[in-house]
Protein chains: 2
Amino acid sequence: MKKPKNSTTIRDVARLADVSVATISRYLNNNTLLSKETAQRVQAAMNELNFSPHPVARSLATNRTNTIGLVMNDIAGDFFTPLLEGIIATTEEQNYNLLIYTSNRTKHANPILFGPKYTDGLLVFLNGLEEEDLINLHQSNQPIVLIHHSAPEGLNIPTVTIENKAGSKAIVSHLIEAHQRKRIVFLRGPAGNEDSSWRETGYRQALESHGFAIDESLILQGNFDRFTSQESMRTLIQAGIQFDAVFTGDDDAAIGTLAALKEANLHVPEQVSVVGFDDQRLAPFLTPALSTVHAPTDQVGMTAARHLLKLIRHEPVESVILLPTELILRNSCGCSQAISTE
Amino acid sequence: MKKPKNSTTIRDVARLADVSVATISRYLNNNTLLSKETAQRVQAAMNELNFSPHPVARSLATNRTNTIGLVMNDIAGDFFTPLLEGIIATTEEQNYNLLIYTSNRTKHANPILFGPKYTDGLLVFLNGLEEEDLINLHQSNQPIVLIHHSAPEGLNIPTVTIENKAGSKAIVSHLIEAHQRKRIVFLRGPAGNEDSSWRETGYRQALESHGFAIDESLILQGNFDRFTSQESMRTLIQAGIQFDAVFTGDDDAAIGTLAALKEANLHVPEQVSVVGFDDQRLAPFLTPALSTVHAPTDQVGMTAARHLLKLIRHEPVESVILLPTELILRNSCGCSQAISTE
DNA sequence: CTGAAAGCGCTTACAG
DNA sequence: CTGAAAGCGCTTACAG
């Protein structure tokens with residue numbers, strides 16, 4: 001027993017205010033009217049003792065933890081900071097705590113540390129959870145909101161993500177309409193990545209709606225990764241396949257694409273337009289400054305957290321929320337813009 | 001009372017295994033030898049019921065939460081992701097949970113949500129906590145490790161930070177020795193920022209050890225911010241003060257510096273060398289690629305978390321940990337390096 | 001409007 | 001090696 005037992009409890013307050021502990025509890029949760037006079041005594045006693053209730057005890061008694069969990073695979077990536085900023089903005093506003101899990105733990109480690117008993121609800125980013133675990137959690141009535149990922153067949157778990165398709169269609173159309181590009185490469189993201197498949201759909205629809213045939217030899221693996229993308233672009237160039245633009249799938253892939261083009265002495269944007277997706281912090285600093293689609297990642301975080309809190313309160317919630325993206329036209333597509341103060 | 005009461009408890013297991021709850025508890029915490037036979041019965045019962053102990057109840061009984069908290073002002077900044085990666089790597093390894101606080105909450109909001117009863121210890125980033133709160137927490141025996149910030153006078157709170165002085169001295173010396181720079185500007189960070197003052201000390205020592213006098217007119221406000229830095233550099237240039245290098249204090253300030261230099265048609269690195277500090281993700285993508293000092297932020301996170309866990313276990317801990325920095329020489333200082341595959 | 005009492009699900013001296 | 005019981009600090013029907 002290593003309890004310091006220093007902290008003052010509800011009993012101490014009750015004794016000092018000369019009421020029962022139940023009364024203190026009621027005052028704390030103001031779910032019953034107290035007589036003005038007792039209320040004052042209680043408040044005075046709480047002040048004097050500098051009392052604050054023990055959250056763990058409260059949690060055990062109420063079966064609420066006042067915290068939500070964020071589960072993800074790993075925290076890498078530039079979108080992580082804005083995502084978390086969004087989530088925290090709303091947990092803070094609504095007086096919830098945030099617990100961070102990465103799924104390494106959920107796979108290998110002591111399972112006690114992970115699970116619904118710690119949280120009132122879970123935000124699951126991408127494929128942060130195995131489908132099986134997700135299903136179990138959902139069936140045990142744990143409120144869940146998915147981020148950038150759709151629910152498994154038949155499960156009604158709300159999702160928040162962005163307008164991947166519309167954004168992609170818009171930027172590819174821009175390439176065609178504003179810059180007369182005709183042979184546009186697309187770099188796919190990781191297999192199974194939903195953002196990537198929507199972006200591919202947007203790409204295809206843009207081409208089709210402009211009467212272009214889809215040339216599958218222009219669709220390559222980029223993996224949302226600069227090195228993979230650089231390799232794919234090198235291969236394409238060496239194969240002698242002609243193209244006049246690249247929609248890289250995400251900004252990281254744009255980095256590799258720009259590098260490969262530079263190696264091959266192909267000028268961007270004069271000979272080849274390059275556009276990305278995400279609008280990461282480094283996008284304006286690439287050479288040339290990257291035209292891309294802005295993903296409102298902080299909004300995604302806010303919205304997801306807000307919806308999870310609604311779910312926790314048993315309020316109704318839409319099942320799919322799509323946040324609008326926005327075209328950011330800098331130089332790499334062929335548009336010109338002052339570069340120095342971006 | 002909205003308790004689903006679905007989950008199985010230690011009593012259920014005890015009943016099934018035909019032992020007392022105390023025995024289950026002992027098995028869980030393996031702090032007493034159980035007879036082989038009971039151990040097997042208990043394990044079988046736990047498996048059958050798919051039991052996992054309730055962390056909140058456990059926490060109430062033991063006065064341990066198995067979670068640590070990270071407190072900070074706001075989560076902006078590129079160093080945040082690596083910092084958190086480092087922290088999570090160790091909390092995961094040691095089976096701790098991580099709770100994220102931002103200090104907005106600690107200032108305005110319901111104080112119940114913040115505090116030692118939620119966590120076994122706290123990681124405090126920069127000035128994430130008012131000095132008064134820090135002192136109170138420390139005096140109430142809450143284990144604390146400070147990150148990039150030193151303890152208030154007289155308090156023995158461990159700190160982990162980086163070798164700001166040595167890194168700065170090294171890069172400024174590089175400017176002098178390798179590139180014959182003689183009039184080197186320094187851009188200060190925000191007032192009171194300790195990283196900044198150590199960097200300034202390193203800058204001064206580098207100049208002095210090379211026999212240069214310090215010209216205070218070359219020390220300006222940069223605020224670790226691109227806009228402030230751009231303004232300061234504009235003013236310096238317009239004042240006609242001569243300089244041949246800028247140590248920008250951090251990488252963000254380097255962005256503004258490069259922009260101001262470009263506006264003024266001063267070529268980097270031919271006319272002016274520019275070096276930063278941090279080695280943020282975007283550093284290699286600036287034009288020219290930024291020479292800078294690498295701050296091992298993930299290591300800072302790991303080390304801080306590891307030391308906090310030691311503190312929690314009452315193991316001894318050094319009071320100041322300084323992690324080594326490293327010179328990253330790219331192009332902006334005048335060194336040359338292949339740029340495309342960085 | 002207020003109190004006495006049971007309960008949340010564990011852990012841990014204390015006995016045996 | 002194991003059990004009975006008290007306790008962790010709250011909340012919440014149930015009475016009055």
Side-chain angles (χ1 to χ4, degrees), chain A residues 1-43 45-46 49-66 112-113 115-118 120, chain B residues 1-43 45-46 49-66 112-113 115-118 120:
Chain A
M1 256 324 236
K2 36 143 78 163
K3 303 201 187 160
K5 228 42 358 174
N6 46 358
S7 51
T8 90
T9 78
I10 207 177
R11 310 185 78 90
D12 303 318
V13 181
R15 203 164 319 156
L16 184 60
D18 198 31
V19 291
S20 71
V21 296
T23 299
I24 307 296
S25 176
R26 286 186 192 108
Y27 181 76
L28 248 22
N29 299 286
N30 55 10
N31 44 15
T32 316
L33 282 307
L34 297 201
S35 80
K36 222 175 207 156
E37 197 227 359
T38 29
Q40 283 173 351
R41 280 217 314 286
V42 170
Q43 182 57 41
M46 287 187 23
L49 297 175
N50 194 13
F51 169 78
S52 78
H54 197 303
V56 172
R58 176 175 269 185
S59 172
L60 185 61
T62 58
N63 206 26
R64 272 180 277 111
T65 60
N66 252 287
I112 306 183
L113 278 171
K117 289 167 187 163
Y118 273 102
D120 296 344
Chain B
M1 224 34 188
K2 35 142 80 159
K3 303 203 188 160
K5 225 44 357 184
N6 46 357
S7 51
T8 90
T9 78
I10 207 178
R11 313 184 75 91
D12 303 318
V13 182
R15 203 166 317 159
L16 184 60
D18 197 30
V19 293
S20 73
V21 295
T23 297
I24 307 294
S25 176
R26 287 189 191 106
Y27 181 78
L28 248 24
N29 299 285
N30 55 9
N31 45 15
T32 315
L33 284 306
L34 296 201
S35 81
K36 220 173 205 155
E37 195 228 0
T38 29
Q40 284 172 350
R41 279 217 315 286
V42 171
Q43 182 57 42
M46 286 185 23
L49 297 175
N50 193 14
F51 169 76
S52 77
H54 196 304
V56 172
R58 177 174 267 185
S59 171
L60 186 61
T62 58
N63 205 25
R64 272 179 277 110
T65 60
N66 252 287
I112 308 183
L113 278 172
K117 290 166 184 164
Y118 274 102
D120 296 343

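Please read all numbers here as calculations on a predicted model, not as lab measurements. Reminder, nothing fancy here: chain letters follow the sequence lines and each chain counts from 1.
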(request) Taking Watson-Crick and G-U wobble pairs with both distances under 3.5 Å, convert DNA chain C into its dot-bracket string, 5' to 3', dots for unpaired and | for cross-strand pairs. (result) |||.||||||||.|||
(request) In sequence, state the C-alpha distance, the side-chain angles, and the governing distance for A/Asn50 and A/Thr8, and then conclude on side-chain contact (heavy atoms from CB on, under 4.5 Å). (result) CA-CA 8 Å; A/Asn50 194 13; A/Thr8 90; over 6 Å; no
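B/Ser59 is linked by a side-chain hydrogen bond (donor to acceptor under 3.5 Å, both in side chains) to nothing, counting only residues two or more places apart in sequence or in another chain. Residues satisfying the side-chain hydrogen bond (donor to acceptor under 3.5 Å, both in side chains) criterion with B/Gln40, sequence neighbours excluded, are absent altogether.
Contact annotation: A/Ser25 side-chain N/O to D/dT11 OP1/OP2 distance is under 4.0 Å.
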Cut-off 3.5 Å, no hydrogens considered: what does the side-chain donor-acceptor table look like for residues 9-16 of chain A, sequence neighbours left out?
{"unit_1": "A/Thr9", "atom_1": "OG1", "unit_2": "A/Arg11", "atom_2": "N", "d": "3.1"}
{"unit_1": "A/Asp12", "atom_1": "OD2", "unit_2": "A/Thr9", "atom_2": "N", "d": "2.7"}

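What separates CZ of A/Arg58 from P of C/dG9 is a distance of 18 Å, to the nearest Å. Spacing between atom CZ of B/Phe51 and atom P of C/dG9 amounts to 10 Å, rounded to whole angstrom units. Atoms CG (B/Asn63) and P (D/dC8) sit 11 Å apart, rounded to a whole Å. Going from atom CZ of B/Arg11 over to atom C1' of C/dC10 covers 11 Å, rounded to whole Å.
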Polar atom pairs between nucleotides 2-4 of chain D and protein, under 3.5 Å, N or O only, would you list them?
{"unit_1": "D/dT2", "atom_1": "OP1", "unit_2": "B/Ser35", "atom_2": "OG", "d": "3.0"}
{"unit_1": "D/dT2", "atom_1": "OP1", "unit_2": "B/Thr38", "atom_2": "OG1", "d": "2.8"}
{"unit_1": "D/dT2", "atom_1": "OP2", "unit_2": "B/Ser35", "atom_2": "N", "d": "3.1"}
{"unit_1": "D/dT2", "atom_1": "OP2", "unit_2": "B/Thr38", "atom_2": "OG1", "d": "3.0"}
{"unit_1": "D/dG3", "atom_1": "OP2", "unit_2": "B/Ser20", "atom_2": "N", "d": "2.9"}
{"unit_1": "D/dG3", "atom_1": "OP2", "unit_2": "B/Ser20", "atom_2": "OG", "d": "3.0"}
{"unit_1": "D/dG3", "atom_1": "OP2", "unit_2": "B/Thr23", "atom_2": "OG1", "d": "2.6"}
{"unit_1": "D/dG3", "atom_1": "N7", "unit_2": "B/Arg26", "atom_2": "NH1", "d": "3.3"}
{"unit_1": "D/dG3", "atom_1": "O6", "unit_2": "B/Arg26", "atom_2": "NH2", "d": "2.4"}

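The shortest side-chain heavy-atom distance between B/Leu28 and B/Arg58 falls under the 4.5 Å cut-off.
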